[in-house]
K.L.:
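Take a look at the following structure, please.
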Amino acid sequence: MKIPPKGFTHGGKFHADDVFSTALLQLVRPDIQITRGFEVPEGFDGIVYDIGGGMFDHHGPDRAERPNGVPYAAFGLLWKALGAPLVGANQARLMDENFIQPLDLNDNTGEKDSLADVIGAFNPRWDESRDADECFFEAVAFAKVILQKRIEEARAVNRADELVLKAYAGMRDGIVVLPCYAPW
């Protein structure tokens, strides 16, 4: 999927869903310019997520659910489109199950999630004069580090799998010798 140079998401209070969605888009397309608002501008030429009723909005009555019943939020919908090219199909599935689904569940149902709570703490307090967009992009920078580390971790597991499979193919007398430690 080709990501356009512009993106649009909702304004106001932000959540882990739109923050991690933005972080993912920035990792895939570092030059993307994200705008926040309460209505998608007419004729907007870019990717719209978590607002607007498009393919990356989960607020409609017919929102998509995973086979296990966990409803998709914008982050999960974007990961579904972008995850496999980043980390391979198996690791994309595992990241969805272990990292993304809890955030999607939190956004859709209010299910407690510590990471979502941390991201939510970046919102300005009721009596602060900080700009919500400034706080949002501060949260995105934080989330981007976490997401990048998770992606790097998934890629490392892929490399370990390759190393172990190669060693397995060279097995002698039922003994597999690894040239180094590999998480597998």
Side-chain angles (χ1 to χ4, degrees), residues 7-28 32 34-38 40 47-84 86-157 183:
F8 189 91
T9 193
H10 68 81
K13 186 174 181 173
F14 51 86
H15 309 93
D17 181 38
D18 43 309
V19 167
F20 273 99
S21 293
T22 303
L24 177 59
L25 290 170
Q26 287 182 348
L27 288 172
V28 172
I32 193 168
I34 303 295
T35 304
R36 300 177 75 226
F38 297 100
V40 180
I47 189 167
V48 177
Y49 56 100
D50 210 21
I51 189 172
M55 67 187 288
F56 300 113
D57 187 11
H58 63 107
H59 294 102
D62 53 343
R63 71 174 173 212
E65 282 189 1
R66 293 167 176 90
N68 66 0
V70 175
Y72 282 97
F75 185 35
L77 292 169
L78 282 163
W79 184 256
K80 185 177 176 185
L82 301 171
L86 287 172
V87 298
N90 187 52
Q91 286 301 312
R93 178 186 57 79
L94 291 171
M95 275 188 67
D96 181 69
E97 290 173 4
N98 299 307
F99 179 67
I100 296 158
Q101 285 188 34
L103 295 172
D104 279 8
L105 193 61
N106 170 267
D107 196 75
N108 281 303
T109 69
E111 178 80 20
K112 290 298 289 174
D113 183 85
S114 297
L115 182 54
D117 290 346
V118 169
I119 296 298
F122 280 85
N123 278 287
R125 306 295 145 247
W126 69 272
D127 56 353
E128 282 183 315
S129 60
R130 289 191 67 200
D131 179 67
D133 287 352
E134 178 184 320
C135 294
F136 173 79
F137 286 108
E138 185 179 340
V140 168
F142 178 79
K144 195 158 97 173
V145 171
I146 294 168
L147 184 56
Q148 181 64 50
K149 294 295 182 187
R150 295 302 303 255
I151 288 170
E152 290 169 3
E153 181 180 48
R155 289 174 176 165
V157 170

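For clarity, every value in this text was computed on a predicted model and none was experimentally measured.
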K.L.:
Side chain to side chain contact (heavy atoms under 4.5 Å, CB included), that's the test. Do I151 and Q91 meet it? Break it down for me.
P.N.:
CA-CA 9 Å; I151 288 170; Q91 286 301 312; over 6 Å; no
K.L.:
Just to verify, what does K112 make a side-chain hydrogen bond (donor to acceptor under 3.5 Å, both in side chains) with, not counting sequence neighbours?
P.N.:
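By the side-chain hydrogen bond (donor to acceptor under 3.5 Å, both in side chains) rule, K112 matches D117.
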K.L.:
How long is the straight-line distance from CZ of R125 back to SG of C135, given to the nearest 0.5 Å?
P.N.:
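The SG atom of C135 sits 8.0 Å away from the CZ atom of R125.
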K.L.:
CG of L25 to CG of D18: how many Å apart, nearest 0.5 Å?
P.N.:
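L25 CG to D18 CG: 11.5 Å, rounded to 0.5 Å.
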K.L.:
Looking only at heavy atoms, what is the nearest atom pair of A132 and G12, with distance?
P.N.:
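Smallest heavy-atom distance, with atoms named: CB-O, 4.3 Å.
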K.L.:
With rounding to the nearest 0.5 Å, note down the distance linking CD1 in I34 to CZ in F8.
P.N.:
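Taking CD1 in I34 and CZ in F8, the distance rounds to 10.5 Å.
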K.L.:
Might you point out which heavy atoms bring G37 and I51 nearest each other, and give the distance in Å?
P.N.:
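That closest heavy-atom pairing would be O-CD1, 3.7 Å.
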K.L.:
Taking all heavy atoms of A84 and all of A92, pick out the closest pair and write down the distance.
P.N.:
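Nearest pair, atom of A84 first, then A92: N-CB, 3.6 Å.
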K.L.:
For residues 59-70, pull every pair meeting salt bridge (Lys or Arg N to Asp or Glu O under 4.0 Å), keeping only residues two or more places apart or in separate chains.
P.N.:
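Only R66-D96, R66-D104 qualify under salt bridge (Lys or Arg N to Asp or Glu O under 4.0 Å).
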K.L.:
For A116 versus N106, what's the shortest heavy-atom pair and its separation?
P.N.:
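Heavy atoms of A116 and N106 come nearest at CB-OD1, 3.3 Å.
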K.L.:
So, D57 side chain and G54 main chain: donor-acceptor pair closer than 3.5 Å or not?
P.N.:
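Answer holds: no.
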K.L.:
For the residue pair L147 and L24, establish whether any side-chain heavy-atom pair is separated by less than 4.5 Å.
P.N.:
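With C-beta onward as the side chain, the pair touches.
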K.L.:
If I take atom CD1 from residue I32 and atom CG from residue L27, how far apart are they, to the nearest 0.5 angstrom?
P.N.:
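Nearest 0.5 Å value for the CD1-CG distance: 11.0 Å.
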K.L.:
Run the side chain to side chain contact (heavy atoms under 4.5 Å, CB included) test on F137 and D131 for me, step by step, so that the C-alpha distance in whole Å, both residues' side-chain angles and the decisive distance to 0.1 Å come before the verdict.
P.N.:
CA-CA 10 Å; F137 286 108; D131 179 67; over 6 Å; no
K.L.:
For F14, what residues pass the ring pair (Phe, Tyr, Trp, His ring centres under 6.0 Å) criterion, not counting sequence neighbours?
P.N.:
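With sequence neighbours excluded, F14 shows a ring pair (Phe, Tyr, Trp, His ring centres under 6.0 Å) to F136, given in chain and number order.
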K.L.:
Rounded to the nearest 0.5 Å, what separation is found between the OG1 atom of T22 and the CG atom of D17?
P.N.:
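With rounding to 0.5 Å, OG1 (T22) is 9.0 Å from CG (D17).
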K.L.:
Applying side-chain contact (heavy atoms from CB on, under 4.5 Å), name anything that partners N98, two or more places apart in sequence or on another chain.
P.N.:
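Partners of N98 by the side-chain contact (heavy atoms from CB on, under 4.5 Å) criterion, ordered by chain and then number, come out as L94.
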K.L.:
If you look only at pairs with a residue in residues 51-77, which of them pass as a ring pair (Phe, Tyr, Trp, His ring centres under 6.0 Å), with sequence neighbours excluded?
P.N.:
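For residues 51-77: F20-F75.
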K.L.:
Under the side-chain hydrogen bond (donor to acceptor under 3.5 Å, both in side chains) test, which residues partner E152, sequence neighbours left out?
P.N.:
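In terms of side-chain hydrogen bond (donor to acceptor under 3.5 Å, both in side chains), with neighbours along the sequence ignored, E152 is linked to Q148.
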K.L.:
So, for D107 and H15, which heavy atoms are closest and what is the spacing to 0.1 Å?
P.N.:
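Answer, listing the atom of D107 first, then H15: OD1-CB, 3.5 Å.
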K.L.:
Report yes if some heavy atom in the side chain of V19 is under 4.5 Å from a heavy atom in the side chain of F122; otherwise report no.
P.N.:
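Of all side-chain heavy-atom pairs linking F122 with V19, none is under 4.5 Å.
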K.L.:
Has R155 got a side-chain atom pairing as donor or acceptor with L86's backbone, closer than 3.5 angstrom?
P.N.:
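Looks like yes, one N/O pair under 3.5 Å.
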K.L.:
How many angstroms lie between CZ in R36 and CG in D133, if you round to the nearest 0.5 Å?
P.N.:
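R36 atom CZ to D133 atom CG measures 5.0 Å (nearest 0.5 Å).
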K.L.:
Would E97 and N68 count as having a side-chain donor-acceptor pair, cut-off 3.5 Å?
P.N.:
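On atom types as modelled, these side chains do not qualify, holding no pair under 3.5 Å.
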K.L.:
Using side-chain contact (heavy atoms from CB on, under 4.5 Å) as the criterion, point out the one residue from L115, I119, N108 that pairs with L103.
P.N.:
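One option only clears the test, and that one is L115.
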